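First comes the structure, then the notes that go with it.
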Amino acid sequence: MSPSVGLVADATASLVADATVSRPGVFPVGKADRPWQIVRRDGSLAEIDVTKIRRVVEWACQGLDASAIALEASLQTRLKDGTTTREIQDNLIDCALQMCSPEAPDWRYVAGRLHVWGLWKDVRVRRGYQYGQYRRWVRSQLAAGKYDARLERYNDAELEVADGWINPDWDTDYDYAGAVMLSKRYLLDNELPQEAFLTCALLLAVNEPSDRRLDWAKRFYEAIAQRQLSLATPILANLRVPGGSLASCFITAMDDSLESIFAAITDTARISKNGGGVGVNVSRIRGTGSTVMGKANASGGVIPWVKLLNDTAIAVNQGGRRAGAVTVSLDIWHLDVPEFLEMQTENGDQRRKAYDIFPQLVVLDEFMRRVQSGTDWTLVDPYEVRTKLGIELAELWGDRFDAAYKQIEAEVAAGVLTLTKTVKARDLFKEAMRTQVETGMPYLSFKDTINRANPNQHAGYIPGTNLCCESFSNVKPGEEAHTCNLTSLNLANLDLPDLQSICETAVRLLDNAIDLTVPPFAASATHNQKYRTIGVGAMGLADWLAKRRLSYKSLEEISELFEEMGYHCTRAAMELAKERGAYPAFEGSTWSRGDLIGAKPLAWFIEKSEHPERWQQLSEDIREHGIRNSHITAIAPNTSSSLVQGCTASVLPAYSRFFYDKWAKGVVPIAPPYIKEAFWFYPENKTLDQKTVVAAIATIQQWIDTGISMELLFNLNENAYGEGVTIRAKDVFDTLLLAWELGCKAIYYIRTVQKDSFKESECSACAN
């Protein structure tokens, strides 16, 4: 939705006198003895004014395919003497939502405007003014200690200049779901949307050179406010407040010692306190029945420690907003994998269950090859392997893992290793798949694929993924914890020519955020400065395709789009290195030898691209100047932030063209932005062959240097994919194998539709 010029001016008159409105003949004007009265927001009484509901209703419907007369008529039976203006507003919203349908989707924007109108009025009543006094607002927030003191670096004249950038009409572009999500989740008390966006922009530019600071602040503000660029939840929620942590994604790891285990639990609590999502790898911990302090069969394995992480996530509940979000990853060779897969089932010993964490299996290529061939797989205890063979199996991947694993299996056959279990690789994979269909998890991360694409192989390895499976880099227990800041391009509001500018803006914004954030613990701070990892993502691909009458099978166009994004983000990070220097671990990285996205050699880009010369130049420039950020692009799920952005989530198809979501106050219509213009070009994910989705994600992954939150949705109802076509277990199995074969790095949730139900959840940290 583009802003409707003059909407705010038209609404201003209604804000001055807080009264209701009506079209003559539609609403009752009173009783025989006196006119009906209303209760205004400040508590005072006023006679009903039959000139004003009409003004508000017509303002809310202006420029939309929605009838003001119909909205007024639907309200007339709800009015009564003594009603409040808030009740009138709520009833108007409810009427608009009830009239919303696939044939009349604009009513959700009418409801959104009415919600924003109410927000404006509430703020005006509480603080005495609306827009136009930004300097006054900032100074009052700073005096109260509610805004970050770094805003003091802007003088009054600069704040007055910034006030002139505010366009209140941009507030009227939200549908109801987006308007409510923005106001309830992200705005501070008495804060207006454009004030929040502008304050974020000013802080993100605060460390820029003084002669360029306002220029960058304006560029940041316009990109955010016009919904071309979405800030992840920790940035939008925490940046303005003092001491906020801005990072979305963390990964830490436990070593096989009490000190390391409890340090990791403490770090997890600190992350959760600040609203971040965290991945914890437990693959180094000895298995059930292993030796402890020389006593055989004394270890309880990984499950008791996972339970502690589970309870930590519940106890440290993101400042009371929601339970913490923790994914616990375990390598597929670990002795405790079968019990790990059963942690969230109802049967068995409840003392060894963990229902509030998100399990993740770290899968290696050798295991997948054995799944394909139907051969055996050996589960081992890392402690026994470490003490008897001197091999730290958790650190290995690729050829080094393959060689070590063959040695381990030989030692098992020779009786040197005794704490082992042999299973059929395919049976173990099917057990994981069964659990996925039942619970949506475990997530799968393909360790070899992830580490082959790691530009920092010289400095360590990646043990698993973050909570949403899109962000990861090197982790060392107790020393380095992966830390990443996120933002996303809103492809629904962008065209190919826009990408260069918006990618430059996004990369600079996130690099600035690294220096503004307050890391929650020492290993996070070390990683933040050493690797300067960022994640520029994308949302609204389904809208971008629908707008152009393309489909998820349009792989050539999808590849072109994400090549542009990958190139411009990478080039922006190189340009920042010219200005600010390369990330400290650059020397020895694959970047330093001229490899590009995903640690792929230049030859790959010359072969794949229609613009090989620019990749050639970029490779040379990076070797000469370095690159500012070790990882640059990562595509998060964006479940909640996409509502604010008014687009489809991430790069996945829309679940449905039009559906109602259950919220606390009732049901809310959800629809993609171009449903009216391109209804049939939105394929519904619930009836889409997921192999098509996998192929599209694999195409995108070629140009994304970190990962993609790839959810797969299988409709288990009969004939969901057409007459006589029903999903079978083999279809799920084949799709998961295809994801690995095509080079996808991870599989996030497995969603299922069964008996017309849909299992839904989200990650607020990457909402990103």
Side-chain angles (χ1 to χ4, degrees), residues 234 243 245 247-288 290-293 298-319 323-331 334 336 340 343 354 356-360 362 381-383 386-387 392-395 459-467 471-484 517-531 533 765:
S245 175
S248 295
C249 308
F250 300 84
I251 307 171
T252 187
M254 292 179 174
D255 221 336
D256 191 29
S257 70
L258 284 177
E259 293 76 14
S260 177
I261 290 168
F262 280 100
I265 291 171
T266 301
D267 291 343
T268 299
R270 291 192 179 108
I271 295 167
S272 182
K273 174 184 175 182
N274 288 281
V278 58
V280 183
N281 184 262
V282 297
S283 296
R284 295 170 183 251
I285 296 178
R286 66 196 71 191
T288 303
S290 187
T291 300
V292 178
M293 299 177 64
S299 172
V302 302
I303 303 301
W305 309 119
V306 175
K307 275 186 63 63
L308 283 179
L309 288 166
N310 184 95
D311 294 342
T312 300
I314 297 171
V316 189
N317 58 356
Q318 300 187 10
V326 181
T327 178
V328 179
S329 63
L330 186 67
D331 279 66
H334 198 285
D336 288 345
F340 186 75
M343 281 191 308
D356 299 285
I357 55 92
F358 301 84
Q360 174 186 156
V362 181
D381 169 32
Y383 178 76
R386 185 185 308 122
T387 54
E392 184 58 79
L393 200 53
E395 294 180 354
Y461 79 104
I462 301 171
T465 79
N466 69 314
L467 178 65
S471 179
F472 32 81
S473 61
N474 289 353
V475 175
K476 293 180 182 177
E479 298 180 39
E480 298 172 2
H482 168 77
T483 304
C484 186
T517 191
V518 179
F521 55 102
S524 170
T526 298
H527 184 284
N528 220 22
Q529 292 304 319
K530 181 176 179 179
Y531 297 108
T533 304

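Predicted model, so just to flag it, every value in this text is computed and none were measured.
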List the steps, then state whether side-chain hydrogen bond (donor to acceptor under 3.5 Å, both in side chains) holds for Ser471 with His482.
CA-CA 9 Å; Ser471 179; His482 168 77; 2.8 Å; yes
Step-by-step side-chain contact (heavy atoms from CB on, under 4.5 Å) determination, Val475 to Asn281
CA-CA 9 Å; Val475 175; Asn281 184 262; over 6 Å; no
Working note: Thr327 + Asn466, criterion side-chain contact (heavy atoms from CB on, under 4.5 Å); need CA distance, chi angles, decisive distance, verdict.
CA-CA 7 Å; Thr327 178; Asn466 69 314; 5.9 Å; no
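Counting heavy atoms from C-beta outward, Leu393 and Asp331 have side chains that stay 4.5 Å or more apart. Considering only heavy atoms from C-beta on, Val302 stays 4.5 Å or farther from Met254 through its side chain. Using a 4.5 Å heavy-atom cutoff, the side chains of Asp256 and Arg386 are in contact. The closest side-chain heavy-atom distance from Tyr383 to Ser299 is not below 4.5 Å. The shortest side-chain heavy-atom distance between His527 and Ser473 falls under the 4.5 Å cut-off.
With rounding to the nearest 0.5 Å, the separation of CZ in Phe340 from OG in Ser329 is 7.0 Å. Put simply, CD on Glu479 and OG1 on Thr252 are 11.0 Å apart, with the number rounded to the nearest 0.5 Å. Note: Asp336 CG to Leu330 CG = 7.0 Å, rounded to the nearest 0.5 Å. Between the OG atom in Ser272 and the CG atom in Leu309 there is a gap of 11.0 Å [rounded to 0.5 Å]. Taking OH from Tyr461 and CZ from Phe472, the interatomic distance works out to 15.0 Å, rounded to the nearest 0.5 Å. For the atom pair CD1 of Ile357 and OG1 of Thr312, the computed distance is 12.0 Å after rounding to the nearest 0.5 Å.
Side-chain contact of Ser290 with Asp381: a donor-acceptor pair under 3.5 Å is present, judged by distance alone. In this model, a donor atom of one side chain and an acceptor atom of the other lie less than 3.5 Å apart for Asn474 and Tyr531. Side-chain atoms of Ser283 and His334 form no donor-acceptor pair, as typed in the model, at a separation below 3.5 Å.
Ala269 and Val316 get closest at one heavy-atom pair: O-CG1, 3.2 Å. Residue Pro519 comes nearest to Asn528 through the heavy atom pair CG-ND2, 4.2 Å, listed as atom of the first residue, atom of the second, then distance. The heavy-atom pair separating Ile251 from Pro463 by the smallest distance is CG2-CG, 4.5 Å. Closest non-hydrogen pair, Phe358 versus Ala325, comes out as CE1-CA, 4.3 Å.
Without hydrogens or angle criteria, Thr526 side chain to Glu480 main chain gives no donor-acceptor distance under 3.5 Å. Side-chain N or O atoms of Asp356 include none that pairs as donor or acceptor with a backbone N or O of Asn310 at under 3.5 Å. Remark: side-chain polar atoms of Gln360 are paired, donor with acceptor, to backbone N or O of Thr465 under 3.5 angstrom. In this structure, Asp255 contributes its side chain and Arg284 its backbone to no donor-acceptor pair below 3.5 Å. Formation of a donor-acceptor pair under 3.5 Å by the Thr268 side chain with backbone atoms of Ala264 is found in this model.
Between Val306 and the choices Val280, Asp311, Val328, the side-chain contact (heavy atoms from CB on, under 4.5 Å) rule is met once, by Val328. When Ile271, Thr483, Thr517 are each tested for a side-chain contact (heavy atoms from CB on, under 4.5 Å) with Ser245, only one passes: Thr517.
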